[in-house]
There are 4 protein chains.
Amino acid sequence: MIKVGIVGGTGYTGVELLRLLARHPDVAVNAITSRSEAGMAVSELYPNLRGHYDDLAFSEPDADRLARCDAVFFATPHGVAHALAGELLERGTRVIDLSADFRLRDTEEWAHWYGQPHGAPELLGEAIYGLPEVNREHIRQARLIAVPGCYPTAVQLGLLPLLEAGMIDADHVIADCKSGVTGAGRGAKVPSLLAEASESMKAYGASGHRHLPEIRQGLADAAGGPVGLTFVPHLTPMIRGIHATLYGRLTADPGDLQALFERRFAREPFVDVMPAGSHPETRSVKGANLCRLAVHRPGDGDTVVVLSVIDNLVKGASGQAVHNLNLMFGLDELAGLDAPAIMP
Amino acid sequence: MIKVGIVGGTGYTGVELLRLLARHPDVAVNAITSRSEAGMAVSELYPNLRGHYDDLAFSEPDADRLARCDAVFFATPHGVAHALAGELLERGTRVIDLSADFRLRDTEEWAHWYGQPHGAPELLGEAIYGLPEVNREHIRQARLIAVPGCYPTAVQLGLLPLLEAGMIDADHVIADCKSGVTGAGRGAKVPSLLAEASESMKAYGASGHRHLPEIRQGLADAAGGPVGLTFVPHLTPMIRGIHATLYGRLTADPGDLQALFERRFAREPFVDVMPAGSHPETRSVKGANLCRLAVHRPGDGDTVVVLSVIDNLVKGASGQAVHNLNLMFGLDELAGLDAPAIMP
Amino acid sequence: MIKVGIVGGTGYTGVELLRLLARHPDVAVNAITSRSEAGMAVSELYPNLRGHYDDLAFSEPDADRLARCDAVFFATPHGVAHALAGELLERGTRVIDLSADFRLRDTEEWAHWYGQPHGAPELLGEAIYGLPEVNREHIRQARLIAVPGCYPTAVQLGLLPLLEAGMIDADHVIADCKSGVTGAGRGAKVPSLLAEASESMKAYGASGHRHLPEIRQGLADAAGGPVGLTFVPHLTPMIRGIHATLYGRLTADPGDLQALFERRFAREPFVDVMPAGSHPETRSVKGANLCRLAVHRPGDGDTVVVLSVIDNLVKGASGQAVHNLNLMFGLDELAGLDAPAIMP
Amino acid sequence: MIKVGIVGGTGYTGVELLRLLARHPDVAVNAITSRSEAGMAVSELYPNLRGHYDDLAFSEPDADRLARCDAVFFATPHGVAHALAGELLERGTRVIDLSADFRLRDTEEWAHWYGQPHGAPELLGEAIYGLPEVNREHIRQARLIAVPGCYPTAVQLGLLPLLEAGMIDADHVIADCKSGVTGAGRGAKVPSLLAEASESMKAYGASGHRHLPEIRQGLADAAGGPVGLTFVPHLTPMIRGIHATLYGRLTADPGDLQALFERRFAREPFVDVMPAGSHPETRSVKGANLCRLAVHRPGDGDTVVVLSVIDNLVKGASGQAVHNLNLMFGLDELAGLDAPAIMP
């Protein structure tokens, strides 16, 4: 069994890791830390886990204990992995970071968006961006993974085939994204109250959002040059799910777009290109480590529309983190990730 | 008191008309028709109206009875107003049609999207498109009003200032729209069940939707020429509300976009240009005849983003219909429409 | 115009007062206070009010300013009205308190449930419990009103006819109540997040809730002696609404229960006894100052079931407060309270 | 591998069976029938199953094909299992019926509630009521299982300890139950629309519901005599979940109620007695085959309150059906049923 630890396990990505790992045949959770809830049983905070992990309680972060794990997940706010990852790596523990700490290669850009200097620039050289559909082979060799953000996962997977093929105007790409409220985390904030966020829809961050540079970096890699992206996220009255609606302008006759997408993801276990004409629903991936895609070309015009849905807590966070773990340790990619979505 | 009738009053726009007219100081509802519910008291179908309209029951459609009204609202599926409007107009009753029957000037396009020939082409000449922010003076003189659709209202109001000023590339406009489920009407359809539509988000009609030609017609009028529009509607898990996110490419230095929008709607009682940097929420217009707008220019780049929210049943249907009535009969524009939105 | 002030106007009962008073023909809001938001325009915190109250901003609590009002509403946590009500009454300003400060006649019980000594026992003698269906004449003469709580309103109205008529065993009454989340206020608490409270149902306070003594006091007044009540509140995934399901054991042949209820509330403008066999929905009173009731006797057995629905923010709080104001100042009882519920 | 068939697989219990069986190590689904969708791939109707069951399509009901299965689930409206079960049993195929066809032992009562004569009275003698917590040993030997209804499961599990111990007055038991909308099935009915059922709460069937005789039968078995039950179900704005709030009057000093409940279910893998003072949430069992219980005695009085939550589609239907299958075929009881609930 592979021994894993979780740092900062009280948030939504933490409990989702526990839910997924409860069914993982090759993994045991040996430690879970939380400063605020140290001493509390995991199943007391998350009663859905009663009957699982009955001996597991939150503990104070403790490098010795974590270093005895084969791998440690960080499900923390930004900055925490900067402080701890180096020591763990030195002591031979691999790190899978669900926060933004190692996603951007440009430390100045990181500092700009996160309002503090980058805390571990010396580790960036070996940090691998954990999008398996792009970096599978690097992930297999990696010691330090930066798990992609939720919006970046949905947007990149939808645009990769078009940008890699050079089919759309890279200067003018639009990503109109709709996210359930768990994207905002488990913090007690008025705008996240049911009474505030339910029965309503709103955009936010229309003039700039922290996921923008991450998406741009990934798209630029695919396009082989800078990408002009307009990204508008929206808060949607649901718990889980991201729906990215992506617009690009075709620069040439695209041929068979459906075939292009199917070919690109033919061997990807966690990307499902739906039949032509489909409109994927976010609920079709609820609880599952999947991205479902559909590609449209309205009126056979010069605009291509891609619809991309994920569960922000699974393919957009914890499920993708487990996928990375499976790759890093040579396990079956599907291990712990083979349950169908729950619907209705 | 102005006597009004409602044809097809059992749907959501019908009950919303009744809710609004219950507070209208100058209007009395004299007749409401429904083939399926004839004989049933209005308050039996809509218990929120108990204590109002206690003597009003649905009746079989009856041209004589309707013709005794000063004005008749059609809250019907397409085709019904085609059949009845002519007779009512001849007998001196004005017609305010909430359906799509008189929205498109091009009868062939109408036939294409609605799958049947246009039933009253002879009336198109005098039909006025009831968007007061564009046609206020024509509405005052009109006998026959085509009330705009819900998506068309939200999209047009958001794009008018830019297109009238010639500021954006009219060939490439994108309208990414999110609607609550009442937009699909009160029909018993599986995809509209709470168990299907809740906790999920999906696009629909990405390759074509009946509101597309209506929006294009209105935008072309504003732009003074054809507009290339990509319109993708989405079903959102909420009862009421439309959030239109509109993307245009600036063709020149736009100057002060905020001022442009404020100027355009300075005298409009039902359009609220919010302060710069705002993100309007659909709940801020729930139950109210309002469109709230915000304009953004991310990164001072060449893409302008307009956020436009309405309540699809009010400014997107019944409230706008009452506004048209007020204009046609020389009443205070705000009559019956001055209640604040309900929040939370 | 009657000049009113609102103390603590940032919560849900505060904004609901503003929404209702915006349409009140005889009332002007002259002051609204909030320590935390002093200086902020009301419409900035509550964008649904943009276009109404444009000159009104939150101010620091200031007894002089409040004392210039004819009446002051307290929409505050418990304890605040204790501190301020006395001075306002002395200076001739009437007080309508939406908090629990003056609801219980027994100061020791108050201290037990609220964890602090009662702060104004000398005012209890003149405090009137503002349930118009019981105390209408006293309210007309009152200077100080304790507006009933939301659960107590729904439960008392449903049980009054049975207890006043001595028809049920007063020792064993059950109130199973379901409330929307606004009942918990606008505080930023994790259990009130959409991600926590949506798609779930739970009881709380099964072993004791602050509304229990208030309900018991009111029921005892109706029964002419102590009432043994089991009260279990539940958190329901909706914004507004309370559904009280009330169970009593008949002690004798009840005769025509429907007629009993209709007679009891025949002249009450804000209580609607629905036809026999009805199941009132909370949405049928959304936004309206109404309690709708239905009475059932399953299998003609010895158990009577009463279904009672209100909007917790209207008939359960701010609407009832305005009703009290209308009575105190000799206005039409319906003033500001005559809009139908919003449905769907 | 045990070969199973599903009759009537297009409804919510059908898709939930498929979801659970997808992870079952010992079961293969060989046939699934639906008259209305014959020929359609399962994953076309239920896109959450794309990637699972890729070769499985709905077929016309066909006794030969079904008889080649080891067991057949009926996820059908009432009456269908009556018609087909006999032939399958004769041909050696075991039957697990999720409908109401074999739940009531009294055929006259069945006819009264279902409006038609019982169609297979000759099979009632061997039908076993599939509540494992009561009938485990009989289930192991059974050929024909009547899977309990959703409300009956939640109510019986909550009351069993009290009635078996003779601790409450059996003449006056109250079950106030709240169910998500999937309890009403996947039929296209107006009251189940999101626009109708969301943001609202209502009781239904207060004067009688088909689950009443089933619950009474089960409770009478536990009590050793007839039970006087008042059962009021409520429609709750959520997809899944039942919350039963159960009230009984203690007839003697109950001693340690918590210990009584813990003892009763000590060896039950799918019943979780929560710590004293708990209030279980329905979301804590979402997607899981669990009933979580808490017992309260407010004010140490003579009323006991039991809180019982299940997922109506899992422990209330398909999960319990799989549990029965596991018992009938000597498999691990947990097989296919060991995933934690999904939360949030």
Side-chain angles (χ1 to χ4, degrees), chain A residues 171-172 174 176 178-180 191 193-209 212 228-232 234-243 245 247 249 277-284 286 294-307 309 343-344, chain B residues 171-172 174 176 178-180 191 193-209 212 228-232 234-243 245 247 249 277-284 286 294-307 309 343-344:
Chain A
D171 289 341
H172 293 99
I174 288 170
D176 187 291
K178 301 89 177 166
S179 174
L193 297 178
L194 191 155
E196 302 283 319
S198 179
E199 284 297 307
S200 193
M201 183 88 190
K202 68 168 176 181
Y204 63 100
S207 304
H209 181 282
L212 180 60
L229 175 72
T230 301
F231 166 56
V232 180
H234 298 74
L235 189 66
T236 308
M238 58 188 185
I239 298 174
R240 289 168 178 248
I242 283 180
H243 189 294
T245 314
Y247 301 88
R249 192 165 326 158
S278 295
H279 297 86
E281 305 173 76
T282 61
R283 67 181 185 134
S284 77
K286 189 160 52 180
V295 57
H296 291 257
R297 189 184 167 196
D300 290 329
D302 67 356
T303 300
V304 57
V305 179
V306 182
L307 312 175
V309 302
M343 185 173 120
Chain B
D171 289 341
H172 294 98
I174 288 170
D176 187 291
K178 300 89 177 165
S179 175
L193 297 177
L194 191 154
E196 301 283 320
S198 178
E199 282 299 306
S200 193
M201 182 88 191
K202 68 168 176 182
Y204 63 100
S207 303
H209 182 281
L212 179 61
L229 175 72
T230 300
F231 166 55
V232 180
H234 299 73
L235 188 67
T236 307
M238 59 187 184
I239 298 174
R240 290 167 177 249
I242 284 180
H243 188 294
T245 314
Y247 302 87
R249 192 167 323 160
S278 295
H279 297 86
E281 304 173 77
T282 62
R283 67 182 186 133
S284 76
K286 188 159 54 179
V295 58
H296 291 257
R297 189 183 168 198
D300 289 329
D302 67 355
T303 299
V304 57
V305 180
V306 182
L307 311 174
V309 301
M343 188 172 116

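Proteins come first, then strands; the chains are lettered A, B, ... in the order of their sequence lines, and each starts at number 1.
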Smallest separation among heavy atoms of Met201(A) and Lys178(B), with atom names: CE-CG, 3.6 Å
What part of Ile174(A) is in contact with chain B, defined as an atom under 4.5 angstrom from a non-hydrogen atom: side chain, backbone, both or neither? side chain
What pairs with Ser284(A) under side chain to side chain donor-acceptor pair (under 3.5 Å), at least two apart in sequence or on another chain? Arg292(A)
Among Thr245(A), Val309(A), Leu235(A), residue most engaged with chain B (heavy-atom pairs, under 4.5 Å): Thr245(A)
Here the pair of heavy atoms bringing Pro237(A) nearest to Met238(B) is CG-CB, 4.3 Å
Looking at Ala294(B), Gly208(B), Gly205(B), Gly277(B), which one has more heavy-atom pairs under 4.5 Å with chain A than the rest? Gly205(B)
Only counting residues at least two apart or in another chain, list the ones meeting side chain to side chain donor-acceptor pair (under 3.5 Å) with Thr282(B). Ser200(A)
Looking only at heavy atoms, the pair that brings Glu196(B) and Glu281(A) closest together is O-OE1, 4.1 Å
Compare every heavy atom of Ala206(B) with every heavy atom of Pro298(A), then report the nearest pair and how far apart it is. CG-O, 3.4 Å
Identify which of Val232(B), Leu307(B), Ile242(B) forms the greatest number of heavy-atom pairs closer than 4.5 Å to chain A. Val232(B)
List the atom of Pro344(B), the atom of Ala195(A), and the distance in Å for their closest heavy-atom pair. CB-O, 3.3 Å
If you tally heavy-atom pairs under 4.5 Å against chain B, which of His296(A), Arg297(A), Lys286(A) wins? His296(A)
Any side-chain heavy-atom pair from Asp302(B) and His172(A) closer than 4.5 angstrom? yes
Mind listing the closest non-hydrogen atom pair of Ala203(B) and His279(A) along with its distance? O-CB, 3.1 Å
Supply the atom-to-atom distance His234(B) NE2 to Thr236(A) OG1, rounded to the nearest 0.5 angstrom. 9.5 Å
How many angstroms lie between CZ in Arg249(A) and CG in Asp171(B), if you round to the nearest 0.5 Å? 8.0 Å
What is the ring orientation for Tyr247(A) with Tyr247(B), classed by angle as parallel under 30°, tilted 30 to 60°, or perpendicular over 60°? tilted
Out of Ile239(B), Leu212(B), Leu193(B), Val305(B), which one racks up the most heavy-atom pairs below 4.5 Å with chain A? Ile239(B)
If we only count heavy atoms from C-beta on, is the Arg283(B) to Lys202(A) side-chain gap below 4.5 Å? no
